**Q** 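Take this structure, written in C-alpha cells, and hold onto it; I'll ask about it next.
Since we're looking at a predicted model, the values are computed, not measured.
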Amino acid sequence: MAPEHSDAPGGDTSALALKILVAGGFGVGKTTLVGAVSEIRPLRTEELLSEAGRSVDDTDGVDQKVTTTVAMDFGRITIRSGLSLYLFGTPGQDRFWFLWDELAQGALGAVVLADTRRLEDCFPAVDYFEHRRIPFVVAVNCFAGARRHDTRNVCSALDLDAGTPVVLCDARERDSGKEVLIRLVEYAGRMHTARLLDSVG
C-alpha cells in the first residue's frame with residue numbers, strides 16, 4: 001500500500017493505492033483479466049513463444065496461445081475518489097518465478113486465477129501466498145467448453161485454508177473481474193484487521 005500525491009488545488013493532497021497481484025498458471029487469463037478491468041491502457045511485457053521455449057513451456061490445453069508474459073502486466077482501477085488498485089499480473093512460467101518476491105512486496109492481496117482443466121497449474125501460486133500469509137482469493141476462469149465445477153469442489157481439490165474465497169469469473173468481462181477484486185479487497189481487509197487485533201490483544 002502506498003500513498004499517491006496529487007497537486008489538485010483544493011483537493012486531497014494524497015490518495016491510497018492498494019497493490020494487488022494477479023497470479024496463476026501459464027495461459028490461465030492473467031493478462032486478459034488485468035486488461036479487462038484496467039481503466040488505463042495496460043502495460044504488457046508479452047513476447048512471442050519460441051521454439052526454444054517449447055521444451056519448458058507446457059502449452060498442453062492452451063495450444064492457441066502464441067505469446068507469454070515475461071515480466072509483468074500492470075493496470076489500474078479507481079474504486080472511489082482517493083482509492084485506487086494497482087494490478088500486477090505475474091508471469092506464469094517457472095523460470096520467471098524469481099520476479100514474484102519483488103512483485104509481492106507491499107501487496108494487499110492476490111487473485112489466483114484457476115483453469116479447472118489444468119487445476120494443478122495454480123498449486124504453486126496457492127502455496128506461495130499461503131506460506132507468505134498474503135490474503136488471496138481463487139477465481140475460477142470459466143473457459144468456453146470447460147466443465148463447470150462447484151466452488152466447494154474447487155476449494156477441496158486445492159486443499160485451501162478454511163474461509164479462503166473461491167469465485168467463478170470470466171476474465172474477459174470487466175464487471176466479472178471487478179467482482180473478483182471486490183471480494184479480494186473485502187477478504188484482505190478482514191484478514192489484515194484480524195491480524196492487527198491479534199497482535200495488540
**Q** On a heavy-atom basis, which atom in A125 and which in A23 lie closest, and how many Å separate them?
**A** CB-CB, 4.2 Å
**Q** First locate atom CD of E102, then atom CG of L99, and finally report the distance between them rounded to the nearest 0.5 Å.
**A** 8.5 Å
**Q** Please find the pair of heavy atoms, one from H192 and one from L108, that lie closest to each other, and give the distance.
**A** NE2-O, 3.1 Å
**Q** In Å and rounded to the nearest 0.5 Å, what is the CD to SG distance from E173 to C142?
**A** 11.5 Å
**Q** Determine whether F88 and I20 satisfy the following criterion, side-chain contact (heavy atoms from CB on, under 4.5 Å), listing intermediate values before the conclusion.
**A** CA-CA 6 Å; F88 291 82; I20 302 293; over 6 Å; no
**Q** Are I182 and V34 co-members of a hydrophobic cluster defined by side-chain heavy atoms under 4.5 Å apart?
**A** no
**Q** For a quick test of reading the model, state the closest non-hydrogen atom pair linking A104 to Y128 and the distance between them.
**A** CB-OH, 3.6 Å
**Q** Before you tell me yes or no, could you show the steps for F143 and D170 under side-chain contact (heavy atoms from CB on, under 4.5 Å), namely the whole-Å CA-CA distance, both residues' side-chain angles and the distance that decides it to 0.1 Å?
**A** CA-CA 7 Å; F143 288 93; D170 183 336; over 6 Å; no
**Q** Please answer whether the main-chain N or O of R80 pairs with a side-chain N or O of T78 as donor and acceptor at a distance below 3.5 Å.
**A** no
**Q** For residues 123-145, pull every pair meeting salt bridge (Lys or Arg N to Asp or Glu O under 4.0 Å), keeping only residues two or more places apart or in separate chains.
**A** D101-R132
**Q** I'd like to know if the side chain of T90 and the backbone of W100 have a donor-acceptor N/O pair within less than 3.5 Å.
**A** no
**Q** Can you give me the closest heavy-atom contact between R76 and S38, atom names plus distance?
**A** N-OG, 3.1 Å
**Q** Does any pair with a residue in residues 138-155 pass side-chain hydrogen bond (donor to acceptor under 3.5 Å, both in side chains), and if so which ones, sequence neighbours excluded?
**A** D150-R152
**Q** When rounded to the nearest 0.5 angstrom, what distance separates CG in D175 from SG in C169?
**A** 12.5 Å
**Q** Kindly compute the distance separating CG (D121) from OG1 (T116), expressed to the nearest 0.5 Å.
**A** 11.5 Å
**Q** With no hydrogens and no angle check, is any side-chain donor or acceptor of K30 less than 3.5 Å from a backbone partner on V112?
**A** no
**Q** Check A36 against A171 and note the closest heavy-atom contact, atom names and distance.
**A** CB-O, 3.4 Å
**Q** With rounding to the nearest 0.5 Å, note down the distance linking SG in C122 to CZ in F129.
**A** 11.0 Å
**Q** Looking at D161, is its backbone amide N or carbonyl O close enough to the side chain of T164 to form a donor-acceptor pair, meaning the two atoms are under 3.5 Å apart?
**A** yes
**Q** Would you check if there is a donor-acceptor pair between the side chains of D73 and T31 at a distance under 3.5 Å?
**A** yes
**Q** Less than 4.5 Å apart, any side-chain heavy atom of T193 and any of R190?
**A** no
**Q** Given V138, which of V167, V166, V111 fulfils the side-chain contact (heavy atoms from CB on, under 4.5 Å) condition?
**A** V166
**Q** Is it true that a side-chain atom of K178 and a backbone atom of I77 form a donor plus acceptor pair closer than 3.5 Å?
**A** no
**Q** With respect to L181, which candidate in L18, L87, I79 satisfies the side-chain contact (heavy atoms from CB on, under 4.5 Å) definition?
**A** L87
**Q** NZ of K19 to CG of L103: how many Å apart, nearest 0.5 Å?
**A** 6.0 Å
**Q** Got a donor-acceptor contact below 3.5 angstrom from the S199 side chain to the L196 backbone?
**A** yes
**Q** Quick check: closest heavy atoms across A110 and L184, and the distance to 0.1 Å?
**A** O-CD1, 3.3 Å
